Every structure is written in structure tokens, then in C-alpha cells.
Amino acid sequence: QVQLVESGGGLVHAGGSLRLSCAASGSSISGNAMSWYRQAPGKERELVATITSGGSTVYADSMKGRFTISRDNAKNTVYLQMDSLKPEDTAIYYCNAVLFGPYGLVPKNLWGQGTQVTVSS
């Protein structure tokens, strides 16, 4: 039902900033918790940040204090503001709707193509 399209990635130097967007279409995501994930070459996908329908946010330790997740329900869009970027942040970034399961967050099968973030040293 819902399609998610990520955008806003690019090439930046260490210490720079980017703002990623996740635009949803087909249905409203206002009632869903949403997360950003990332996957670097040769590594497993990891959770970056989550925002609930009520606006509460949670960040992975390595991103806390540098990244900010937000949402604009009127635009049916979720954002990820990334500051003080490091080379180890280089990855493809994905967004997805998530559910709260007994063992953690469970993403829905709404994976898009992601957006590439590359941070040079």
C-alpha cells in the first residue's frame, strides 16, 4: 500500500551535514512509528533512529547527539538531519515503518532503494 522514497544523500567532507527525506505515498503514515536504517558495504543493516506517531525519538548510541529524526505528517514525510558526519557514517540509508515487537522493532516490508551517503576524510 505505502511506497517510501528516500532522497537527500550525497558526498560530504567529515564534519559536514546532510538532511535526508523519506516521502511516503499511497497511504498516510501519520499513525505509524518510522525508523531510519543504514547499511554499509559488507555490513549488516543497522537501526539509526526511530520516531513514534506521537513524536518521541530514540537514537543509536553512535548517532546520538549528531542525528535528528523528525516528521511532517502534513507532507507525509520523515526526515533525518545528520550533522558532524564521520567517514564511518558512509552507507545507504533507508526508511521504513516499524512495529514494536517483544524483541525490538520490526520493520514492515516497505524497503525502497535508499539514498547513498558518502563522507570523505
Side-chain angles (χ1 to χ4, degrees):
Q1 292 291 321
V2 178
Q3 291 183 313
L4 303 175
V5 179
E6 301 92 343
S7 64
L11 173 64
V12 297
H13 292 293
S17 298
L18 285 172
R19 190 179 78 153
L20 308 183
S21 297
C22 173
S25 62
S27 184
S28 174
I29 59 170
S30 62
N32 296 96
M34 300 290 294
S35 292
W36 282 96
Y37 296 81
R38 70 184 185 186
Q39 186 167 26
K43 296 186 178 296
E44 295 184 349
R45 182 180 61 221
E46 66 173 333
L47 179 66
V48 173
T50 300
I51 185 167
T52 69
S53 61
S56 297
T57 59
V58 180
Y59 302 90
D61 289 341
S62 62
M63 273 68 76
K64 194 172 185 178
R66 300 188 299 120
F67 291 8
T68 303
I69 187 171
S70 62
R71 65 193 302 161
D72 186 338
N73 289 333
K75 296 182 178 180
N76 216 26
T77 300
V78 179
Y79 304 96
L80 183 68
Q81 177 67 44
M82 305 185 296
D83 299 316
S84 301
L85 284 164
K86 304 174 181 179
E88 51 263 45
D89 294 321
T90 295
I92 300 177
Y93 285 71
Y94 303 88
C95 67
N96 211 338
V98 295
L99 301 174
F100 295 96
Y103 305 106
L105 296 177
V106 180
K108 293 185 176 181
N109 189 26
L110 299 173
W111 301 109
Q113 293 185 336
T115 185
Q116 176 71 51
V117 172
T118 303
V119 184
S120 63
S121 60

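None of the values given here were measured: they were computed from a predicted structure. Along the sequence shown, residues are numbered consecutively beginning with 1. The basis for the numbers below is simple: all heavy atoms, side chains too, and nothing from hydrogens, waters or symmetry mates.
Closest approach of I69 and M34 over heavy atoms only: CD1-O, 3.8 Å.
Between L47 and S35, the closest side-chain pair of non-hydrogen atoms falls below 4.5 Å.
In this structure, the separation between CG on N73 and OG on S53 is 8.5 Å, given to the nearest 0.5 Å. Rounded to the nearest 0.5 angstrom, S62 OG and K86 NZ are separated by 7.5 Å. Between atom CG of residue L85 and atom OG1 of residue T90 there is a gap of 8.5 Å, rounded to the nearest 0.5 Å. Atom NE2 of H13 is separated from atom OG of S121 by 10.0 Å, given to the nearest 0.5 angstrom. With values rounded to the nearest 0.5 angstrom, N76 atom CG is found 9.0 Å from C22 atom SG. Note that the CD1 atom of I51 and the CG atom of N32 stand 12.5 Å from one another [nearest 0.5 Å].
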side-chain contact (heavy atoms from CB on, under 4.5 Å) assessment of W36 paired with M82: CA-CA 12 Å; W36 282 96; M82 305 185 296; over 6 Å; no

Step-by-step side-chain contact (heavy atoms from CB on, under 4.5 Å) determination, Y59 to T68: CA-CA 8 Å; Y59 302 90; T68 303; 3.7 Å; yes

Test log, rule side-chain contact (heavy atoms from CB on, under 4.5 Å), inputs V117 and L20: CA-CA 9 Å; V117 172; L20 308 183; 4.0 Å; yes

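The backbone N or O of A23 sits nowhere less than 3.5 Å from a side-chain atom of S21 that would complete a donor-acceptor pair. Put simply, the side chain of S30 never gets that close to the backbone of S28: no donor and acceptor are under 3.5 Å apart. No donor-acceptor pair under 3.5 Å is formed between the side chain of R71 and the backbone N or O of A33.
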Tell me which donor-acceptor pairs under 3.5 Å the side chains of residues 92-108 have, and how far apart each pair is, sequence neighbours excluded?
unit_1: Y93; atom_1: OH; unit_2: R38; atom_2: NH1; d: 3.0
unit_1: Y93; atom_1: OH; unit_2: D89; atom_2: O; d: 2.7
unit_1: N96; atom_1: ND2; unit_2: K108; atom_2: O; d: 2.6

